[in-house]
Each structure stands twice: as structure tokens, then as C-alpha cells.
Amino acid sequence: MGVLEKIPAARRRPRGKEVAASRLPLNEIIRGDCVEAMAALPDRCVDMIFADPPYNLQLGGHLHRPDGSQVDAVDDDWDKFDTFATYDRFTRDWLREARRILKEDGTIWVIGSYHNIFRVGTALQDEGFWILNDIVWRKANPMPNFKGTRFTNAHETLIWCSKAEKAKYTFNYRKMKALNDDIQMRSDWTLPICSGGERLKDDDGHKAHPTQKPESLLYRVMLACTEAGDLVLDPFFGTGTTGAVARRLGRRWIGIEREDKYIAVAEQRIAATLPLDESAMMSIPEKKAAPRIAFGVLVETGLIAPGTMLTDAKRRWSALVRADGVLASGCGATGSIHRLGATLQGAPSCNGWSFWHLDTPGGLEPIDAMRQRHLQQLGE
């Protein structure tokens, strides 16, 4: 947001990386203005764009809670624009570059509040994007309206677009259905806001970024319309939620951010992010070919005996197989092969068949191999 700072390179803090037109800065943060940074990237080079632009909240004065404490609101300079016309020009400028660098079969997601999302939606259509869905993110734990003068603002809106009406974009319908307990996923998503341990803090204990998005939201977005190895770009990178989730899901990413303090937090956060072990975590076979075998059947038939210790492919987690087919980890958590795998990784879902492994004389072997042997015996 704003123009690229005209600071001699020798005097700039060594945070982020200036873009080089000769190559793609994969898994890197570009320090600078989003329009200028995208302008240096080649045409049709990214698979998905997730944008969380300034909301232009137009806040006046401070907001206080009933107990007198001040609300940590969005009052940073990067969210301030002189007029609606200024904000509209800024929106059109970055969307124009976003459209140029997006592949013909790529998609763009833009999130906003009632302050800006309608203006952004108009700009998206004016720039030639085709709206596929508007998603309502219902916040499970929204901030109340302390003044009692309006309804509690309990949602934000995401607009999902392709580049053209007939574009062959990616939509992983069956993955979304599986994520939603085998029920077709709707356009209203109830997810908690970023809080607790996920909310990043600065050295003074304040929010590192006022509009940090929860990883669960980006997880769902990325799983819906990208594949492993795809390139995701975020022109308003902030504290790096997009980059962290991309790394977990095996996607490549490019971030653009002008604020040094956010870049520092994002770099540290992404470096500490553990990629999910199973690259095929949500690799779902065609319905007619999907084997319908419960893990408990393998325990019942003795293919996997109660008391067997399972581990993930990198031996980070282990779990004991109980007689009822439930797994129990050393930290006290229990659950099915899928649920426990998701719990240990802090992920919304997990394909336990590919995540859990048996330690055999020949090395680690996914428990799905046992399932396939059982299916083969049934077919003989």
C-alpha cells in the first residue's frame, strides 16, 4: 500500500527481498508497494491470488469498552485514504496488475468488510473478472458492538473470481465436501477469528497486526482451488498467514509487504511452520472406486494388532492402537486415525490412511498398504 519507499538500498533494513524481473521470487517476501512489485512479475505466472487489501475503515476517534479500556482498532496509516475516489484508483491499479499476472485458469480471492467490499466487487467486474461466489465468513466469536448503536458486525465477505466466464479454473469440490463431513459445502463459513495462541503479538504484548486472518480460513481457500506445487501470491502479506498455510499444504508462495515490522514477524512465523507430512492428505479417489473399509476392521482381522505403535512419516508423532480401533497419543489425545492426525498437526482434517505408518523390517509403511491387502483378500 502506498508507493515504494525511495530509500537507498544501503540504508534499507535487510528485510524482505526486492523483486528481480528475471526470476520468480518463490517462497520470498518482496518488500515494497504491491502495484510496483506485481508490475515486475511476468504475465500469467501465478495460480491463485489471495488479497486482504486495506478496508478504508474511516474511523474517527477512539473506541472504548464498557470498562473504559481502549479497543485496539485499525488506525494505521496504511488503512487511510483521503477520498473514496483515491481508494477506488488504488483498487483498480492493483487489480489490473493482479489480472495480468494471474494464469488464464487461475482464480483470485478478495476479502473485505462492509466498508470496502462493495467497491472492490465493482472494480473486480470492471476489470473483467467473473464472480464465482461470494463467501460469508461468519465469525464464531466476533467483537461486540460496544456502543450498542448497530448490529454486531459478525462477518466478512470473500469474493472468488475467475478471469473469464468460461475459464477452466480449479475447484476441488469433493475435497470441500469431505472437509464438511461429506455434505456439500455452502457459501457461509463459520470459523473463529484469530485469537489465543494463533494471534501474533509484538514485544509489548499488543497485536502484531490488527487484521490478522485465521489460518483455518486460508486453509479452506487454498484447499478449494489449488493443488500441491501451485503458486499463490498475496499482495498484502501482513504477518504471513498465506505463506504459512501455503507451506503447510505444499504450495509455493510469493508475498508482498511494505511494512518492515510485518515482514519481520512473517519471516519468523513461516520459518517455524511445519509442512504437513502427507502430500496426498486430501487426495480423494473417485467415489465409485473409494474403498469403504473402516480402520477397526483391520484391528478386528488382526492385520494391525491392538497395542501396535503407529507413527507419521517423519516420526514426529506416535500413537498406540487400542482394541476398539481408536488411537491414543502420548500427550493424552485420542481419536480415529483421521481425527487424531488432524489434532496433532493442528489441521482441520487429515487422511489418516496416508498419515499413519507402521514400522516394518523394510521401513515405514503407510497403514493404507494394510487396507489394500485386506481388499485384495476380499477379492480373491
Side-chain angles (χ1 to χ4, degrees), residues 172-185 189-192 196-198 214-230 232 241-242 244-251 272-287 289-299 303-304 308-322 324-359 364-372 374-375:
N172 297 314
Y173 168 78
R174 295 205 58 233
K175 292 181 182 179
M176 291 296 97
K177 190 173 181 181
L179 196 65
N180 197 40
D181 290 334
D182 212 28
I183 299 172
Q184 186 178 67
M185 187 170 287
W189 300 352
T190 302
L191 297 167
E198 187 182 350
E215 291 192 6
S216 59
L217 183 68
L218 270 295
Y219 188 105
R220 186 173 296 186
V221 165
M222 230 171 277
L223 204 62
C225 60
T226 65
E227 304 291 351
D230 280 356
V232 178
T241 303
T242 300
V245 175
R247 187 174 189 216
R248 292 185 72 202
L249 290 176
R251 276 64 168 165
T273 298
L274 294 175
L276 297 180
D277 276 348
E278 67 283 15
S279 60
M281 180 187 61
M282 291 296 291
S283 179
I284 303 172
E286 289 301 315
K287 196 166 188 177
R292 306 290 295 181
I293 298 295
F295 177 71
V297 172
L298 303 188
V299 178
L303 283 174
I304 298 179
T308 299
M309 189 67 69
L310 304 180
T311 181
D312 66 291
K314 294 184 179 178
R315 300 181 185 275
R316 291 182 294 183
W317 296 288
S318 60
L320 189 74
V321 178
R322 297 193 330 197
D324 57 2
V326 171
L327 302 189
S329 72
C331 64
T334 61
S336 69
I337 58 172
H338 311 295
R339 179 55 55 195
L340 185 60
T343 298
L344 294 176
Q345 297 178 94
S349 62
C350 172
N351 182 348
W353 293 109
S354 58
F355 178 74
W356 293 109
H357 289 65
L358 278 166
D359 203 347
L364 288 179
E365 185 177 47
I367 59 174
D368 187 54
M370 300 295 176
R371 176 171 63 165
Q372 298 307 320
H374 180 70
L375 288 169

Any idea which heavy atoms bring R248 and G346 closest together, and the distance? NH2-O, 3.3 Å
Are side-chain heavy atoms of S349 and Y219 found at a separation under 4.5 Å? yes
Could you tell me whether a side-chain N or O of D368 sits under 3.5 Å from a main-chain N or O of W353, the two making a donor and an acceptor? no
Quick one, T308 and L358 - any side-chain contact, counting heavy atoms below 4.5 Å? yes
Say you draw a straight line from OG of S336 to CZ of F295; how long is it, rounded to the nearest 0.5 Å? 10.0 Å
Working to the nearest 0.5 angstrom, can you tell me the gap between L310 CG and L320 CG? 8.5 Å
In this structure, CG of L191 is separated from CG of L217 (nearest 0.5 Å) by 6.0 Å
Nearest non-hydrogen partners of R322 and V299, listed with the distance: O-CG1, 4.1 Å
Among V245, L223, T242, find the one that has a side-chain contact (heavy atoms from CB on, under 4.5 Å) with R251. L223
Heavy atoms only: give me the nearest A328-L340 pair and the separation to one decimal. N-CD2, 4.2 Å
Just verifying a value: how many Å separate I367 CD1 and H357 NE2, rounded to the nearest 0.5 Å? 9.0 Å
From M309 atom CE to L327 atom CG, the distance as rounded to the nearest 0.5 Å: 10.5 Å
For T343, give me all partners under side-chain contact (heavy atoms from CB on, under 4.5 Å), at least two apart in sequence or on another chain. R339
If I take atom NZ from residue K175 and atom CE from residue M185, how far apart are they, to the nearest 0.5 angstrom? 13.0 Å
Looking only at heavy atoms, the pair that brings L344 and C331 closest together is CD2-SG, 4.0 Å
R315 side chain reached by L364 side chain, heavy atoms, under 4.5 Å: yes
For F355 versus C350, what's the shortest heavy-atom pair and its separation? CB-SG, 3.6 Å
